[in-house]
Amino acid sequence: MSPTAIDFQIMWNRLIAVVEEQATTLIRTAFSTSVREAGDLSAGLFDRQGRMMAQAVTGTPGHVNAMAESVTHFAAQIGPQNTFEGDVFITNDPWLGTGHLHDITVVTPVFRRQQHIGYFACTAHVVDIGGRGFGPDGNEVFEEGLLIPITKFAERGQVQDLLIQMVRANVRTPDQTVGDMYSLAACNEAGDRRLQSMMDEFDIDTLDGLSDFVIENSRKATLEAISAVPDGVFQQDMQVDGYDAPIHMQVALSVDGDKLKADFAGTSGMSRFGVNCPEVYTRAYACYALKCAIAPQVPNNTGSLEPFEITAPEGCILAAKRPAPVSVRHVMGHLVPDVVLGALHQAMPNTVPAEGASALWNIQISARSSDPASGLPNREVLMFNSGGTGARPAVDGLSATAFPSGVSTMSVEATEHVGPITVWRKDLREGSGGAGTLRGGLGQTIEIEARDGYDFYFNAMFDRVDNAARGRDGGLEGGAGGVHLSDGTKLRSKGRQLVKNGQRLVLSLPGGGGFGDPKERDPEAIKNDIDAGFVSLEEAREIYGYEG
């Protein structure tokens, strides 16, 4: 008997459990702290056409929504005639994957009764992929590390030894990087086992009917949600720091019935440094912002993503062309939702938050012996840190929270375990949340020092230093970020720099913008902020008009 709509709905719900176990396997087996501690990953199930049916809740929008496009590239380039049971495919091509070389995407074809029925896919950020390391200083993608074209990690169950040798010979952390590649393959295998069990239970041998049901119902629901947005053309622009010059972002959001288009024409051209963003990553975060505001209840899959048409002029910084350097493409990508939501605010007031810190304050630390003759080993340490989010229409912003990326902050203990550094301080920055009727979230202050015997280089990839997050509807901007040594020496917000033994690096992360007139903030909320150390009494009196 053919499955009914109720059967398909039950199976759809079960798919979420399948892909969540897939992601959990990756977290349990991953070598890199960026995966096992921060959750910088994605996992999902795709049909034979490469359409995403379900994604794990665990993961980042940049990975998930870019991966939704990438599987179609695997299917097209390898082809059904070269797809066999036991195969595992792999790439980190920025333009076919998730936008930079540090993200490795692994795709595993799913077979049932010797018939190819779909794919599992997953992505993870590895600590090192060679080249200059994770930082913005490269001038071409060739400088940024090893690019693995779409190829087979394993064929008919046999891992390709030459590929493993190539990776090990080109990275600083061979055990971690190769270990994460195996973890990605294991993650897909776990998803396959759970899917096969589900299909046994429901006595089906193909995903075709279920895929059509999921995707078409999601598309219909998303189109209905778009139809509720007022028609019109809504424009927004925003200036952000860039590397050596400010970057102008501009978007025109056009809504006509159930059709919605975001066009980034007018955005600055490419940089000669690695802050460029391939269009696949721009689309991923623009779609995420729009879907969060317009159709948040619709599950994320190909059907719910396709109605959002995202375009950027080829050659602008949000649609970088090969061989542009793209290592820290996340900086521009994470700021895309702010400009998109700013346009949407004009159509849907009191719906979206104010601008936030948005771009993660990732820091790649290369610890090196102060005395090369000492024999102390080199170490690579990656930290993910977050500033404050913008205030929301009905509630304050979130402090030290990653939006839009959604990754977790790595614990200090886990970070110190993998490298010879000490994190002396990690606390919220008083006064960094933008004032408003609703206050923006606070940034944080982080203080880092190398342990005895070591200096460290760090790759700065920070934004919102020269251009703070703007408030909305009368709210004030959040506190700008800053990078300096504990003695007050100012450092650059982007690029590789040296911190010698005995010096301490201090990162002051930006806060989110406020929402609404600060003079209308509830006095009790202001008192609570003062008591918590979020604002000083002087600031409360000067900005909020507090009389307590």
Side-chain angles (χ1 to χ4, degrees), residues 31-38 40 102 125-138 144-145 171-177 274 327-328 331 360-387 400 407-429 443-463 465 481-509:
F31 283 57
S32 297
T33 53
S34 54
V35 182
R36 69 173 190 264
E37 298 290 335
D40 193 16
H102 278 78
H125 181 108
V126 297
V127 169
D128 188 73
I129 198 65
R132 286 178 173 265
F134 186 28
D137 289 327
E144 295 181 328
V171 304
R172 300 172 183 85
T173 56
D175 291 340
Q176 280 182 282
T177 302
S327 181
V328 301
V331 176
L360 285 172
W361 274 49
N362 293 343
I363 178 171
Q364 179 85 31
I365 294 173
S366 299
R368 300 291 183 261
S369 172
S370 303
D371 177 8
S374 69
L376 290 173
N378 296 336
R379 289 287 184 264
E380 298 293 321
V381 182
L382 175 60
M383 293 179 67
F384 288 179
N385 304 297
S386 305
V407 300
S408 301
T409 295
M410 301 170 184
S411 72
V412 168
E413 293 80 4
T415 300
E416 292 178 337
H417 179 72
V418 299
I421 63 169
T422 299
V423 180
W424 289 106
R425 182 182 178 194
K426 201 170 193 290
D427 54 20
L428 296 178
R429 282 182 65 200
Q444 41 182 330
T445 302
I446 303 171
E447 191 168 337
I448 306 168
E449 182 181 12
R451 292 186 201 151
D452 289 346
Y454 280 92
D455 304 324
F456 69 78
Y457 292 90
F458 75 99
N459 278 329
M461 47 192 102
F462 314 134
D463 215 280
V465 172
V483 188
H484 57 279
L485 299 178
S486 56
D487 65 7
T489 303
K490 186 176 180 180
L491 301 178
R492 292 179 292 124
S493 62
K494 290 187 177 69
R496 186 175 175 88
Q497 295 157 87
L498 174 64
V499 178
K500 293 184 177 180
N501 191 269
Q503 297 178 322
R504 293 187 183 182
L505 172 65
V506 181
L507 305 178
S508 299
L509 276 63

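Checking side-chain atoms of Arg451 against main-chain N and O of Ile421 turns up a donor-acceptor pair under 3.5 Å. Without hydrogens or angle criteria, Thr422 side chain to Trp424 main chain gives no donor-acceptor distance under 3.5 Å. Between the side chain of Trp361 and the main chain of Asp463, a donor-acceptor pair closer than 3.5 Å is present.
Taking Arg496 as the reference, nothing meets the salt bridge (Lys or Arg N to Asp or Glu O under 4.0 Å) condition, with sequence neighbours excluded. Residues satisfying the salt bridge (Lys or Arg N to Asp or Glu O under 4.0 Å) test with Asp452, not counting sequence neighbours, are none. Considering only residues two or more places apart in sequence or on other chains, Asp128 meets the salt bridge (Lys or Arg N to Asp or Glu O under 4.0 Å) condition with Arg172. Remark: Gln503 pairs with no residue by the side-chain hydrogen bond (donor to acceptor under 3.5 Å, both in side chains) rule, at least two apart or across chains. Arg379 pairs by the salt bridge (Lys or Arg N to Asp or Glu O under 4.0 Å) definition with nothing, not counting sequence neighbours. Leu498 meets the side chain to side chain contact (heavy atoms under 4.5 Å, CB included) test with Asp455, Tyr457, Lys500; sequence neighbours excluded. Here Ser408 pairs with nothing under the side chain to side chain contact (heavy atoms under 4.5 Å, CB included) rule; sequence neighbours left out. Partners of Asp487 under the side chain to side chain contact (heavy atoms under 4.5 Å, CB included) rule, at least two apart in sequence or in another chain, are Leu485, Thr489. Under the side chain to side chain contact (heavy atoms under 4.5 Å, CB included) criterion, Asn378 pairs with Arg368, sequence neighbours left out.
Here the OG atom belonging to Ser508 is positioned 9.5 Å from the CD atom belonging to Glu447, to the nearest 0.5 angstrom. Remark: Asn459 CG to Ile363 CD1 distance equals 8.5 Å, nearest 0.5 Å.
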Is there a side chain to side chain contact (heavy atoms under 4.5 Å, CB included) between Val483 and Leu507? Walk through the geometry before answering.
CA-CA 5 Å; Val483 188; Leu507 305 178; 3.9 Å; yes
Which is it for Ser386 and Leu360 under the side chain to side chain contact (heavy atoms under 4.5 Å, CB included) test, yes or no, and what are the steps along the way?
CA-CA 5 Å; Ser386 305; Leu360 285 172; 3.4 Å; yes
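Between Leu505 and Gln497, the closest side-chain pair of non-hydrogen atoms is not below 4.5 Å. Under the 4.5 Å side-chain criterion, counting only non-hydrogen atoms from C-beta, Ile446 is not in contact with Val506.
The minimum heavy-atom distance linking Val465 with Gly482 is given by the pair CG2-N, 4.3 Å. Between Gly133 and Ser327 the shortest heavy-atom distance is O-OG, 4.1 Å. Across all their heavy atoms, Arg504 and Glu449 have their closest contact at NE-OE1, 3.1 Å. Minimum interatomic distance between Pro136 and Val328 (heavy atoms only, all atoms of both residues): CB-CG2, 3.6 Å. Considering all non-hydrogen atoms of both residues, Asn362 and Met461 come closest at O-CG, 3.2 Å.
Of the residues listed (Ile448, Asn501, Val381), the one engaging Phe456 in a side chain to side chain contact (heavy atoms under 4.5 Å, CB included) is Ile448, and it is the only one. Of the candidates Glu380, Arg132, His102, Glu380 is the only one forming a side chain to side chain donor-acceptor pair (under 3.5 Å) with Gln364.
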Side chains of residues 31-38: which donor-acceptor pairs under 3.5 Å do they make with residues two or more places apart or in other chains?
from	atom 1	to	atom 2	distance (Å)
Ser32	OG	Asp180	OD2	2.4
Ser34	OG	His125	O	2.8
Arg36	NH1	Phe31	O	2.3

Could you give the side-chain donor-acceptor pairs of residues 409-419 under 3.5 Å, partners two or more places apart or in another chain?
from	atom 1	to	atom 2	distance (Å)
Ser411	OG	Ala414	N	3.1
Thr415	OG1	Ser411	O	3.1
Glu416	OE2	Val423	N	2.8

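Annotation: salt bridge (Lys or Arg N to Asp or Glu O under 4.0 Å) contacts involving residues 419-429, sequence neighbours excluded, comprise Arg425-Asp427.
Note on ring orientation: taking the six-membered ring where Trp is involved, the planes of Phe462 and Phe458 are parallel (angle under 30°, cut-offs 30° and 60°).
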